[in-house]
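Just below is one structure, and these are the notes that go with it.
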Amino acid sequence: MPSFIYKAVDALGDEMPGTVQAGDISSAIASLQSQALTVLSIREVEGSLNIAAQLRRLATLRTPTTTHKASFFRQVAMLLKGGHTLTEALALCAATSDRKPLHDGIVHMLVRIHNGETSFAGAVRDLDRLFPPFVASLLATGERSGELVTALERVADHL
């Protein structure tokens, strides 16, 4: 089972570094949250998987294509339409992402949004190596107007 190194804060605001074992990063975050910890950062420990899992992981290091990015925004829109919260939608997308850079970007967004550091558009803007600037602008407009699902669909269509 993979191991994850994390940095979190407890209810008193004390920083707590540590490691946790979980099936995937979403499960690791959920496990830490169930212990009343707020995750600041988390990453998988290299070499913590068995050989077969390491080979599968190597296959996912490829850069996501525009189609992968469009699919991500469509999935988020669909999950929001289905009644999931934004953080639930991002966690589900992270759990199913097969491209490491996109997966890591989604986890980064999830942690920043969950910790109240930024909005969804702000988190996307931070990932300017993954997403062009117009994406964050469209999402910010969608957030302000209450039409985030429509904005997500438009981003996916444009990509």
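Excluded from the calculations below are hydrogen atoms, water molecules and symmetry mates; all remaining heavy atoms, backbone and side chain alike, are included. Just so you know, residue 1 is the first one in the sequence shown, and it goes up from there.
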*Is there a donor-acceptor pair closer than 3.5 Å between any side-chain N or O of Asp24 and the backbone N or O of Ser26?*
yes

*Within a radius of less than 6.0 Å around CZ of Arg154, do more than 12 heavy atoms belonging to other residues, nucleotides or ligands occur?*
no

*Between OG1 of Thr38 and CD of Gln33, what distance do you get to the nearest 0.5 Å?*
7.5 Å

*Do Glu143 side-chain atoms and Ser119 backbone N/O form a donor-acceptor pair below 3.5 Å?*
no

*asked:* Which heavy atom of Pro64 sits nearest to which heavy atom of Lys69, and what is that distance?
replied: O-CE, 3.8 Å

_Linked, directly or transitively: Leu110 and Val9 (ILVMFWY side chains, under 4.5 Å)_ = no

*asked:* Within this structure, what is the CG-CD distance for the pair Asp104 and Glu44, rounded to the nearest 0.5 Å?
replied: 9.5 Å

*same_hphob_cluster(Val149, Phe73) at 4.5 Å side-chain heavy-atom cutoff*: yes

_Do Ile106 and Leu40 land in one hydrophobic cluster if side-chain heavy atoms of ILVMFWY residues count as linked below 4.5 Å?_
no

*Please lay out, stage by stage, how His68 and Thr65 fare under the test side-chain hydrogen bond (donor to acceptor under 3.5 Å, both in side chains).*
CA-CA 5 Å; His68 290 103; Thr65 65; 2.7 Å; yes

*asked:* Can you tell me how far apart CZ (Arg43) and NE2 (His108) are? Round to the nearest 0.5 Å.
replied: 16.0 Å

*Point-to-point distance, once rounded to the nearest 0.5 Å, from OG1 of Thr118 to CD1 of Ile113*: 7.0 Å

_Asp10 side-chain N/O to Ala36 backbone N/O, donor-acceptor pair under 3.5 Å_ = no

_Ignoring hydrogens, what is the shortest heavy-atom contact between Ala140 and Arg125? Give both atom names and the distance._
CB-NH2, 4.3 Å

*Say whether Tyr6 and Ile29 are linked into one hydrophobic cluster, either directly or through other cluster members, by side-chain heavy-atom distances under 4.5 angstrom.*
yes

*In terms of hydrophobic clustering (I, L, V, M, F, W, Y; side-chain heavy atoms under 4.5 Å; direct or indirect links), are Leu102 and Leu79 co-clustered?*
no

*Candidate list Leu90, Thr96, Leu159, Thr67, test side chain to side chain contact (heavy atoms under 4.5 Å, CB included), partner Phe72, passing option*: Leu90

*Shortest non-hydrogen contact from Ala151 to Gly142?*
CB-CA, 3.8 Å

*Are Glu153 and Lys81 close enough for a salt bridge, meaning some N to O gap below 4.0 Å?*
yes

*What distance do Met78 atom CE and Cys93 atom SG have between them, rounded to the nearest 0.5 Å?*
9.5 Å

_Non-hydrogen atoms of His84 and Ala89 that approach each other most closely_ = CB-N, 4.4 Å

*Hey, which of Leu130, Leu127, Val155, Leu152 is the one that makes side chain to side chain contact (heavy atoms under 4.5 Å, CB included) with Val135?*
Val155

